[in-house]
Asks: 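The structure's right below; bear with me while I get my questions together.
Residues take their numbers from the sequence shown, with the count starting at 1.
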Amino acid sequence: MYGFALLMLAGTPLLPGSLWGLTWLTVMVSPLVARTLSEEAALRKALAGYEDYTRRVRRRLVPGIW
């Protein structure tokens, strides 16, 4: 879900050809990352097997990067 939001944030300004719109990408990525980390912390507390899952799956939003 968040991976698609990241693609949408990057692609929407490019559709009409506005490179200035990409400045919003840098502004909006920070809350997206903060929310992802917050939700993962809550899931680690609430779900028994989630800690093992996070050890096996290291990538969160962008495969190969983060």
Asks: Can you list the residues that meet the side chain to side chain contact (heavy atoms under 4.5 Å, CB included) rule with R55, with sequence neighbours excluded?
Replies: E51, D52

Asks: Has T36 got a side-chain atom pairing as donor or acceptor with L32's backbone, closer than 3.5 angstrom?
Replies: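 Yes, T36 side chain to L32 backbone: donor-acceptor pair under 3.5 Å.
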
Asks: Flag yes if more than 12 heavy atoms outside R44 fall under 6.0 Å of its CZ atom; otherwise flag no.
Replies: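 Counting other residues, nucleotides and ligands, CZ of R44 exceeds 12 neighbours.
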
Asks: Are V29 and V33 packed together at the side-chain level, in the sense that at least one heavy-atom pair is separated by less than 4.5 angstrom?
Replies: yes

Asks: In terms of hydrophobic clustering (I, L, V, M, F, W, Y; side-chain heavy atoms under 4.5 Å; direct or indirect links), are V57 and L47 co-clustered?
Replies: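 Both belong to a single hydrophobic cluster.
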
Asks: Find the distance between CD (E40) and OG1 (T54) and round it off to the nearest 0.5 Å.
Replies: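 OG1 of T54 is found 7.0 Å from CD of E40.
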
Asks: Atom CE of M28 and atom CE of M8: how far apart are they, to the nearest 0.5 Å?
Replies: 8.5 Å

Asks: Any ring pair (Phe, Tyr, Trp, His ring centres under 6.0 Å) pairs touching residues 29-51, not counting sequence neighbours?
Replies: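 Of all non-adjacent pairs touching residues 29-51, those that pass ring pair (Phe, Tyr, Trp, His ring centres under 6.0 Å) are Y50-Y53.
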
Asks: Tell me whether L37 shares a hydrophobic cluster with L9, the cluster being built from Ile, Leu, Val, Met, Phe, Trp, Tyr side chains joined at under 4.5 Å.
Replies: yes

